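Hydrogens, waters and symmetry mates are skipped; everything else that's a heavy atom, side chains included, is used. For the single chain, residues carry numbers from 1 onward in sequence order. Numbering of ligands and ligand atoms starts at 1, following listing order. In this text the structure is predicted, and so the values were computed from the model without any measurement.
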Amino acid sequence: MSDADDGVRLQKVLAGAGVGSRRACEVLIAAGRVEVDGEIVRTMGLRVDPAAAVIKVDGMRITTAEAGLVHLALNKPRGVVSTMSDPEGRPSLADYLGGRKERLFHVGRLDADTEGLILLTNDGELAHRLAHPSYEVFKTYVAEVPGPVAPAVGRQLRDGITLDDGPVHVTSFRVVDRVGARVMVEVVLHEGRKHIVRRLLKEVGHPVHRLVRTHVGTVALGDLRPGKSRPLNREEIAGLYRDVGL
Ligand code: URA
């Protein structure tokens with residue numbers, strides 16, 4: 001940040017990022033609700049570099065157009081590998097991103113057979129933290145399994161079970177639907193280990209027929225169609241930065 005003539009006035013940067021009118025942003029600054037590079041700012045004249053400053057309102061990160069940050073949600077179709085390109089020529093994530101120029105990182109991986117929400121960003125530190133188990137970002141999956149599912153299964157999964165590579169427990173487990181002999185269950189956990197949901201459910205006697213990731217943190221897949229992507233909105237982006245302490 002700087003008081004000199006370089007940079008752009010903070011209230012203008014905030015307004016440009018969609019926080020509110022310039023006047024409303026001035027009120028936020030005066031109230032001590034705006035932070036730049038870790039410091040609360042109350043002075044109106046402050047100029048910042050909108051491409052580089054880390055700006056938060058009420059502790060929530062805002063991203064400016066000048067920073068050139070991209071945050072996308074993709075509904076990965078079944079059969080697509082979670083890499084940006086595949087040496088064996090299998091369909092990969094880049095095939096669904098319409099030739100974007102930014103260097104995008106995918107946040108973690110889904111099995112080729114798993115569908116659903118995968119986040120992509122050119123903010124390498126964000127991608128790294130979101131995929132790292134120590135930040136405990138929750139992921140929600142819906143799995144189609146053979147029924148019936150006894151109530152004891154949920155208890156067993158919440159209490160924790162031990163797999164070949166160590167113990168794991170789910171944060172929540174519930175039956176969401178029944179289709180004939182098949183049951184749809186929702187599993188929430190903050191694990192990133194390979195095939196974790198398939199292994200867990202197989203271990204408790206319910207091998208997965210179909211697996212869809214529906215949420216990463218507070219970002220929801222919603223009605224995004226398979227193979228389609230969308231930019232995350234301001235609240236979703238701020239939620240992800242908050243979840244990993246950035
Ligand atoms: N758990 C799995 O088993 N597969 C995935 O793709 C993600 C989580």
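Judged purely by atom type and a 3.5 angstrom limit, D243 has no side-chain atom pairing as donor or acceptor with the backbone of E136. Side chain of R129 to main chain of V244: a donor-acceptor pair is present (N/O by atom type, distance under 3.5 Å, no hydrogens or angles). At distances below 3.5 Å, not a single donor-acceptor pair connects side-chain atoms of R174 with backbone N or O atoms of V187.
If you number the atoms of ligand 1 from 1 as listed, the ones under 4.0 Å from a heavy atom of T114 come out as 4 (N), 5 (C), 6 (O). If you number the atoms of ligand 1 from 1 as listed, the ones under 4.0 Å from a heavy atom of D111 come out as 2 (C), 3 (O), 4 (N), 5 (C), 6 (O).
Residue V208 does not touch ligand 1, judged by heavy-atom distances below 4.0 Å.
Residue R109 has no N or O atom closer than 3.5 Å to an N or O atom of ligand 1. Taking any N or O of R198, backbone or side chain, at least one lies under 3.5 Å from an N or O belonging to ligand 1. The distance criterion of under 3.5 Å between nitrogen or oxygen atoms is met by V197 with respect to ligand 1. Close N/O approach between R193 and ligand 1 is not found [any backbone or side-chain N/O within under 3.5 Å]. At a 3.5 angstrom cut-off on N or O pairs, Y141 does not count as close to ligand 1.
Ion pair K12/E26 not flagged as a salt bridge, since none of the NZ, NE, NH1 or NH2 atoms sits closer than 4.0 Å to an Asp/Glu carboxylate oxygen.
When each of R198, H215, R213 is paired with Y141, the side-chain hydrogen bond (donor to acceptor under 3.5 Å, both in side chains) condition holds for R213 and for no other. Tested against V216, the residues L221, V137, T140 include a single side-chain contact (heavy atoms from CB on, under 4.5 Å) partner, V137.
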